[in-house]
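To start, the structure itself, in structure tokens.
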There are 2 protein chains.
Amino acid sequence: MAESERVPVKRKRRRPTSSGVVLSADLIIDAACELIDAQGAQAFTVRKLGAALGADPSAIYRYFRNTEDLLLALADRLIGESMADFVPGGDWAVDLRDLTLRAYRSALRHPQIAVFSTVRVTGRPHEQRAVDTGIGLLLQAGFDDATAVRHYHTLVDTALGHAAVDAGVLRLAPAQRAADEQAWQAEYGNLPADEYPSLHRVREQLLLMGGSAVEPTLDLLIAAIRQEAAERSR
Amino acid sequence: MAESERVPVKRKRRRPTSSGVVLSADLIIDAACELIDAQGAQAFTVRKLGAALGADPSAIYRYFRNTEDLLLALADRLIGESMADFVPGGDWAVDLRDLTLRAYRSALRHPQIAVFSTVRVTGRPHEQRAVDTGIGLLLQAGFDDATAVRHYHTLVDTALGHAAVDAGVLRLAPAQRAADEQAWQAEYGNLPADEYPSLHRVREQLLLMGGSAVEPTLDLLIAAIRQEAAERSR
DNA sequence: ACCTGAACACCGTTCAAGT
DNA sequence: ACCTGAACACCGTTCAAGT
């Protein structure tokens, strides 16, 4: 239904923009990808995208109803790219971890995507393929339908969530990022032992709080799911 | 260091705004909370906050350097509120789950917070208290310092991440939210069995993809951490 | 048929001027 | 000392007018 409301992608006649480019939905998504990769996600605005295309920003609304619609198309493109070279290796748990990490990485390229719940539900081709693959791995592990769906839901939301959190760091300039990583040490490393006994005890380890927690998180989730599969098969 | 750059909270003389209110950092945070609770997180803008206070928006910049600084103070307020009635019950794993869920709920009240990596590192009082408590529970479980920090990092980032993802749904109007939950069924429930075998097989269960995955996720993480603690103590 | 340009209704933030 | 109001540099989106 969302699909039928979209502006048709195929057009009979085209008129070039003032800069000579003939617009299309694909071309707009191409430009959006380039803009994000070159200047970061915060550089992505309709007006800047128009400028990058050499077209008036309002022309974009002929191809996408609004920014959200454009972002959904972009999301599916990113999912497609990150899944392009995925080949299952035979161990469902390893494959599932790989698949989830790919979802994380594609969401990290454009963090706003992770926040759209709707992105999970648009039913665009690359996403459908990825969901089918993920649930397939869980069925292969021996889970019943409901449990397979639940575990898939858990993994994909966790991947998107960590992408949203980690994107905050990525947004910073490198110098500020380094400062931010040490800030844990600076802010928490010198607290009094009587008031904050645990923080005081682990003060040497606080640098670990910098950086992404996505891999440790996935390791724990996959371990728990593997354990559950093993118990189920007994 | 961030602290010393902040505008001092205590002031000698105050002048009321045109509406008669005497501003203070606390009062501004009060108003921000009310605004968010009454009209949702997307209603939170400096200009609207000024209007809610009966003051010119620019007056807010006397108390907070910028929106981010204000959001950090707001975050600490929300953390404090959600931790206010936390009492450890004796089982570290149960307590840790409770603590993490509280972090999730407080971030859910203002989703932008989850995306600030910096929020995790500001070292404000309520946050320090919560971190000390969380790491304390993991030390109590028998983990070494580095592992305790790593597991804490995993839990808190996962809580913030799910809050960011779930906030997308919360943002929708109730009617649209219901439609969104059924969209999984609509978009994925009728795919051909030959092309999407796994999705076709679990099609009756796809409603499970609506709603939050935070509790299933926490259950898996806590199970894995508990298992690791048990193995460690052997 | 499609792009353009003006317009509308917003933002966050700064700073000189007021009191 | 603190608040105000104008101003600056942006946003997303709509729609009549152009070609």
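Any value given below was found using the heavy atoms of this structure, including those in side chains, with hydrogens, waters and symmetry copies removed. Chain naming here is simple, since letters A, B, ... match the order of the sequence lines and numbering starts at 1 in each.
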I need the minimum non-hydrogen distance between A/C33 and A/R77, along with the two atoms involved. SG-CG, 4.1 Å

Would A/I135 and B/L199 count as a side chain to side chain contact (heavy atoms under 4.5 Å, CB included) here? Give the steps. CA-CA 7 Å; A/I135 291 180; B/L199 274 168; 4.2 Å; yes

Please write out each protein N/O paired with an N/O of nucleotides 10-12 of chain D under 3.5 Å, distance rounded to 0.1 Å.
residue : atom : partner : partner atom : Å
D/dC11  : OP1  : A/K48   : NZ           : 3.0
D/dG12  : OP1  : A/V46   : N            : 3.0
D/dG12  : OP2  : A/V46   : N            : 3.2
D/dG12  : OP2  : A/R47   : N            : 3.3
D/dG12  : N7   : A/R47   : NH1          : 2.4
D/dG12  : O6   : A/R47   : NH1          : 2.8

Whole-Å C1' distance, C/dC11 and D/dC8: 12 Å

Using side chain to side chain contact (heavy atoms under 4.5 Å, CB included) as the criterion, list what pairs up with B/R150, not counting sequence neighbours. A/P216, B/T147

Which of A/R102, A/H126, A/R109 passes side-chain hydrogen bond (donor to acceptor under 3.5 Å, both in side chains) with A/E81? Answer is A/R109

Heavy atoms only: give me the nearest B/G210-B/W184 pair and the separation to one decimal. N-CD1, 4.2 Å

Spacing of B/D132 atom CG and A/L191 atom CG [to the nearest 0.5 Å]: 8.0 Å

Listed pairs, N/O of protein and of nucleotides 17-19 of chain C, under 3.5 Å:
residue : atom : partner : partner atom : Å
C/dG18  : N2   : B/R15   : NH2          : 2.7

Residues within residues 53-60 of chain B bordering DNA chain D, heavy-atom distance below 4.0 Å: B/A55, B/D56, B/S58, B/A59

Say whether A/S24 and A/D26, considering side chains only, have a donor N or O and an acceptor N or O under 3.5 Å apart. no

For nucleotides C/dA1 and D/dA17, find the distance between their C1' atoms and express it as a whole number of Å. 14 Å

B/Y63 atom OH is separated from D/dC2 atom P, nearest whole Å, by 6 Å

Test item: B/L218 and B/L155 side chains (from C-beta on) under 4.5 Å apart, heavy atoms: yes

Residue set satisfying ring-ring contact (aromatic ring centres under 6.0 Å, His included) with B/F44, at least two apart, ordered chain then number -> B/H110

4.5 Å side-chain heavy-atom contact, B/V214 and B/L108: no

Would you say B/D76's side chain and B/E127's backbone share a donor-acceptor pair under 3.5 angstrom? yes

Pairing string, 5' to 3', for DNA chain C - Watson-Crick or wobble contacts under 3.5 Å, brackets [ ] where pairs cross, | to another strand: ||.|||||...|||||.||

Between B/R105 and B/D98, does any side-chain N to carboxylate O distance fall below 4.0 Å? no

Result of checking B/L53, B/L23, B/V22 against B/T17 for side-chain contact (heavy atoms from CB on, under 4.5 Å): B/L23

Taking atom C1' in both C/dC3 and D/dA16, compute the distance separating them and give it to the nearest angstrom. 13 Å

